[in-house]
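So the structure is just underneath, and the comments pick up after that.
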Amino acid sequence: MTRPTPYDGSPALLPSGDGDLAFLDTGPPTTGTAPAAPTLVLLHPGWTDHTLWSEVVPPLAAHHRVIAPDARGHGASANASRPFRQCDDLAALLRHLGTGPAVLIGCSMGADLAVATALEHPDLVRALVLSGGGSGRNMELRTPWAVENAARQQAALAAGDLPAWAEHFAHGAVGPQRQPGDVPAELLDRIRTVGLRTLSKHTPDEPDHHIPVPDLAARAAALTVPVLAVNGALDAPELASYARHVADSAPWGRTDTLPDAGHFAPMERPGEFVEAVEGFLREVEAGRGR
């Protein structure tokens, strides 16, 4: 598949009662007598926003309605002033848009959000596609590269050095087997940019109002929908294991691996990722996993 043109559409806003939530909503109209293709919901990694999916949106939106929200406190969405759960925000958006059961596609934090929503709001979910996440953040980092990079991010934050934080944050796309020069410079620049854009919305003394859904890894066996895990072959093994664990625990699931890709595999290899998603959707619509 050829590399698609980045999508640069502007998001819409949904009033939430605690500020507006931003989201992209694009794709063909869902009218006519033929059964509509399932709606796809793209859920971004932590500290980023929906624009990180810009190269994935156009090919998927050719045949599907595609919704790509900014999580609360990220991108153009409002910061929280009171306790909230990301899965409840997403459920409110999908019910407002009347999507019916949708396919949730998440990377890293977005994969955790996809699993949490499937567990807490199962009527809204048709299937899951997960990359580099899905089991929550209670699993310990073990790879020295991952441990060191996380420590450098924390040290930069503690020192108030936002550019250094952004550099180490973007380094998360590299993985333990590569050097930054092995990753497309444009992707690293985009990760730095969106990371700084979201981080600049917050202050060091700001309370964390987000309430995570607990025990995602242990509860994965309770999922009732098909699951596809799509991991980068060059990601840290424990990070790749998050999505694989969910796929192995689900009633029907499987794992694909994208070569020459790290933790941000959907963004690094958008063409191959879209092919994997489309193949999975054909299997789901043919009745596998039901």
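Quick note: residue numbers are just sequence positions, from 1.
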Flag yes if L188 and W145 sit in one hydrophobic cluster, no otherwise; membership is Ile, Leu, Val, Met, Phe, Trp, Tyr, and two members link when side-chain heavy atoms are under 4.5 Å apart. no
Is it possible for you to say whether L157 and F169 belong to one hydrophobic cluster, with membership spreading through side-chain heavy-atom contacts below 4.5 Å? yes
Should the pair R95-D123 be classified as a salt bridge under the 4.0 Å nitrogen-to-oxygen rule? yes
Calculate, to the nearest 0.5 Å, the distance between atoms CG and CG belonging to L13 and L21 respectively. 8.5 Å
Show the nearest heavy-atom pair for residues K201 and N79, with the distance to one decimal. O-ND2, 2.7 Å
Mind checking what makes side chain to side chain contact (heavy atoms under 4.5 Å, CB included) contact with P237, not counting sequence neighbours? T143
Approximate separation, where rounding is to 0.5 Å, of T99 OG1 and L40 CG: 10.5 Å
Are S16 and R72 close enough, and set up right, to give a side chain to side chain contact (heavy atoms under 4.5 Å, CB included), and what steps lead you there? CA-CA 10 Å; S16 73; R72 187 180 297 277; 3.1 Å; yes
Evaluate side chain to side chain contact (heavy atoms under 4.5 Å, CB included) for L24 paired with V66, printing each intermediate quantity in order. CA-CA 8 Å; L24 175 71; V66 174; 5.5 Å; no
Residue from V57, D49, T51 passing side chain to side chain contact (heavy atoms under 4.5 Å, CB included) with W53: V57
Note: E120-R219 ion pair, threshold 4.0 Å (strictly below): yes
V174-L234 co-clustered via ILVMFWY side chain contacts under 4.5 Å: no
Can you name the closest pair of heavy atoms from A276 and D256 and give their distance? CB-OD2, 3.8 Å
Give me each pair satisfying ring pair (Phe, Tyr, Trp, His ring centres under 6.0 Å) with a member in residues 71-114, each pair once, sequence neighbours excluded. H44-H74, F84-H210
Atom CG in D112, atom CG in L130: separation rounded to 0.5 Å? 9.0 Å
About how many Å separate CZ of R65 and OG1 of T26, when rounded to the nearest 0.5 Å? 10.0 Å
Over all atoms of both residues, closest heavy-atom pair of E278 and P59: OE2-O, 4.4 Å
Enter the distance from W165:CH2 to R192:CZ here, rounded to the nearest 0.5 Å. 11.5 Å
Got a salt bridge between E167 and R152, using NZ or NE/NH1/NH2 to carboxylate O under 4.0 Å? no
Check G232 against A265 and note the closest heavy-atom contact, atom names and distance. N-CB, 3.8 Å
S77 side chain vs A22 backbone, donor-acceptor pair below 3.5 Å: yes
Work out which heavy atom in P45 is nearest to a heavy atom in F264; give both atom names and the distance. CG-CE2, 3.7 Å
